[in-house]
Amino acid sequence: MRLIFLGPPGAGKGTQARVLERRFGAAQISTGDILRRHRADGTDLGKQAEGYMQRGELVPDDVIIHMIVGELDQHPSGFIMDGFPRTVAQAEALDAMLTRKGWPIDAVVLFDADRATLISRLSARWSNPRSGRTYNSVTNPPKKAGIDDDDGGPLVQRVDDRPETVAKRLDVYDVQTRPLVDYYRKVGKLVEVDALQNVSDVAGQLLRSIRMEPAGH
Ligand code: AP5
């Protein structure tokens with residue numbers, strides 16, 4: 001399975017990537033999670049990315065593309081790209097890498113929702129920085145507020161989920177990433193999922209649209 005998840009911040013890309021990971025053992029490649037790990041470890045890459053991420057801007061294409069080359073090599077049997085590509089230049093670089101490897105993409109899944117929903121989801125998001133698992137204090141709270149159900153450690157709110165940064169990230173998506181919808185539609189790879197549904201209905205539509213489950217199952 002080789003999939004790309006496309007959609008604005010808060011649409012539920014990470015949540016659904018983890019559904020496929022649990023069900024099929026698919027490997028999630030989340031560029032946001034990788035960058036956050038670099039920041040936590042204080043690497044050069046993490047330091048380079050920090051300012052862009054805090055401002056809600058995209059990290060420069062050359063930095064991200066260089067990072068993805070190494071990640072791809074670790075997943076010869078398939079992956080779900082979550083958060084990459086995010087610009088036409090990144091998409092073209094990914095096309096070239098996959099063509100060289102002879103690894104065609106099965107589908108690009110677009111998750112979309114209205115701006116008010118995205119803002120309210122992000123303002124209620126809590127995550128486990130150790131595992132990447134996310135909760136929502138309104139729609140999917142942990143058993144104990146602020147504590148991860150799995151490892152019992154603390155949950156955190158992302159600094160880029162502050163309202164002013166969320167607004168910036170949504171604007172950046174519209175200008176720099178939304179053009180990829182047409183890019184992938186033109187090559188016949190795009191499938192669309194209504195991200196306004198609850199998590200399990202989104203997962204059901206996703207599985208049907210990538211034909212991992214019979215229609216109506
Ligand atoms: P990244 O970490 O990729 O963030 P994002 O794309 O902005 O996406 P999010 O993680 O915010 O949202 P999501 O769609 O995964 O939603 P989630 O499932 O968590 O990127 C962060 C930064 O890194 C960027 O701003 C940039 O600086 C940099 N970066 C990363 N990749 C880059 C690249 N390729 N190029 C350049 N820079 C890059 O869900 C959100 C909330 O909603 C959760 O609380 C969840 O529980 C809840 N929820 C999910 N689904 C539902 C549902 N169906 N119903 C109700 N609630 C739901």
Side-chain angles (χ1 to χ4, degrees), residues 4-21 28-39 45-46 48-69 71 80-91 93-94 109-114 116-129 131-142 148-149 155-162 165-178 180 193-206:
I4 293 173
F5 280 6
L6 185 62
K13 305 178 295 296
T15 301
Q16 297 300 328
R18 277 183 289 279
V19 169
L20 294 192
E21 203 169 38
Q28 176 197 20
I29 303 180
S30 160
T31 41
D33 285 348
I34 298 167
L35 290 167
R36 278 183 288 278
R37 279 199 291 276
H38 276 279
R39 286 176 60 186
L45 172 56
Q48 248 180 309
E50 185 152 18
Y52 297 101
M53 294 176 79
Q54 278 175 350
R55 291 190 297 275
E57 296 168 5
L58 296 186
V59 175
D61 286 336
D62 55 339
V63 175
I64 293 289
I65 291 165
H66 181 72
M67 185 178 96
I68 280 291
V69 173
E71 286 296 322
I80 303 164
M81 286 283 177
D82 167 14
F84 179 90
R86 259 167 142 108
T87 63
V88 171
Q90 291 181 15
L94 180 63
V109 185
L110 173 65
F111 299 88
D112 216 349
D114 61 274
T117 301
L118 299 170
I119 291 171
S120 86
R121 282 186 186 173
L122 293 174
S123 63
R125 171 166 60 186
W126 288 80
S127 12
N128 177 338
S131 68
R133 180 170 176 182
T134 56
Y135 298 83
N136 187 284
S137 56
V138 180
T139 57
N140 175 31
D148 183 61
D149 292 349
L155 298 174
V156 296
Q157 284 196 292
R158 277 170 44 178
V159 285
D160 61 347
D161 280 347
R162 284 188 301 236
T165 318
V166 165
K168 172 76 179 174
R169 287 162 60 204
L170 292 171
D171 292 345
V172 165
Y173 175 82
D174 282 338
V175 174
Q176 293 185 262
T177 308
R178 205 176 279 283
L180 292 182
V193 169
D194 176 9
L196 282 173
Q197 307 169 90
N198 65 39
V199 171
S200 67
D201 288 347
V202 173
Q205 191 184 355
L206 165 65

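Every number for a ligand or one of its atoms is a count from 1 in the order of the listing. What's counted below: heavy atoms across the whole structure, side chains too, no hydrogens, waters or symmetry copies. All values reported here derive from a predicted model rather than from experimental measurement.
- Close approach to Thr139 involves these atoms of ligand 1, each under 4.0 Å from a residue heavy atom: 55 (C), 56 (N).
- When only non-hydrogen protein atoms are considered, atom 34 (N) of ligand 1 lies nearest to Gly83 O, 2.9 Å.
- By the 3.5 Å distance cut-off applied to N or O atoms, Gly12 is counted among the residues near ligand 1.
- Between Tyr173 and Leu110, the closest heavy-atom pair is OH-CD1, 3.9 Å.
- Looking at Arg121, Lys13, Gln176, Arg18 and measuring to atom 54 (N) of ligand 1, the nearest heavy atom belongs to Arg121.
- Arg37 is linked by a salt bridge (charged side-chain N to carboxylate O under 4.0 Å, His left out) to nothing, counting only residues two or more places apart in sequence or in another chain.
- When non-hydrogen atoms are compared, ligand 1 lies under 4.0 Å from the side chain of Gln90 (C-beta onward) but not from its backbone.
- The two residues Pro142 and Leu155 come nearest to each other via the heavy atoms CG-CD1, 3.7 Å.
- Protein heavy atom at the shortest distance from atom 18 (O) of ligand 1 is Thr15 OG1, 2.5 Å.
- Not a single heavy atom of Gly7 lies less than 4.0 angstrom from ligand 1.
- By the 4.5 Å heavy-atom criterion applied to side chains, Leu6 and Lys13 are not counted as neighbours.
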Residues Ile4, Leu180; criterion side-chain contact (heavy atoms from CB on, under 4.5 Å); working and verdict: CA-CA 11 Å; Ile4 293 173; Leu180 292 182; over 6 Å; no
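- Nearest-residue assignment for atom 47 (C) of ligand 1 (options Val138, Asn136, Asp201; heavy-atom criterion): Asn136.
- One finds no salt bridge joining Lys168 and Asp171 here, because no Lys/Arg side-chain nitrogen approaches an Asp/Glu carboxylate oxygen to under 4.0 Å.
- Heavy-atom proximity to Thr31, at under 4.0 Å, picks out these atoms of ligand 1: 30 (C), 31 (N), 32 (C), 34 (N).
- When only non-hydrogen protein atoms are considered, atom 9 (P) of ligand 1 lies nearest to Arg125 NH1, 3.3 Å.
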CA sep, side-chain torsions, deciding dist, call: Val59, Gln48, side-chain contact (heavy atoms from CB on, under 4.5 Å): CA-CA 8 Å; Val59 175; Gln48 248 180 309; over 6 Å; no
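- Across Thr177, Asp61, Asp62, a single residue satisfies side-chain hydrogen bond (donor to acceptor under 3.5 Å, both in side chains) together with Gln90, and that is Asp61.
- In terms of polar-atom proximity, Ala11 is counted as a contact of ligand 1, with an N or O under 3.5 Å from an N or O of the ligand.
- Closest protein heavy atom to atom 53 (N) of ligand 1: Gln197 O, 2.8 Å.
- Between Leu122 and ligand 1, not a single N/O pair is under 3.5 Å apart.
- For Pro8, every heavy-atom contact with ligand 1 shorter than 4.0 Å involves the backbone, none the side chain.
- Distances shorter than 4.0 angstrom do not occur between any heavy atom of Gln16 and any atom of ligand 1.
- Remark: Asp161 does not engage Arg121 in a salt bridge, criterion side-chain N to carboxylate O under 4.0 Å.
- In terms of polar-atom proximity, defined here as any N/O pair under 3.5 Å, Glu57 does make such a contact with ligand 1.
- Scanning the protein heavy atoms around atom 12 (O) of ligand 1, the nearest turns out to be Gly10 N, 2.9 Å.
- Checking Tyr135 against Asn128 by side-chain atom types alone, no donor-acceptor pair falls below 3.5 Å.
- Among all non-hydrogen protein atoms, the one lying nearest atom 37 (N) of ligand 1 is Val59 N, 3.0 Å.
- Relative to the six-membered ring of Tyr52, Arg55 meets both conditions, a distance below 6.0 Å and an angle of at most 45° to the axis.
- Distances below 4.0 Å separate heavy atoms of Leu35 from the following atoms of ligand 1: 23 (O), 28 (C), 29 (N), 30 (C).
- Close approach to Arg36 involves these atoms of ligand 1, each under 4.0 Å from a residue heavy atom: 2 (O), 21 (C).
- Taking only nitrogen or oxygen atoms, main chain and side chain alike, Gly14 reaches within less than 3.5 Å of ligand 1.
- Within the 4.0 Å heavy-atom shell around ligand 1 one finds Arg158.
- In this comparison of Arg86, Lys168, Met53, the heavy atom closest to atom 20 (O) of ligand 1 sits on Arg86.
- Taking every heavy atom of Tyr135 and a limit of under 4.0 angstrom, the matching atoms of ligand 1 come to 43 (C), 44 (O), 46 (O).
- No salt bridge links Asp82 with Arg18; every basic N to acidic carboxylate O contact stays at or beyond 4.0 Å.
- Side-chain atoms of Gln16 come within 3.5 Å of backbone N or O of Val199 as a donor-acceptor pair.
- With hydrogens and angles ignored, the 3.5 Å screen pairs a side-chain donor or acceptor of Arg169 with a backbone N or O of Asp160.
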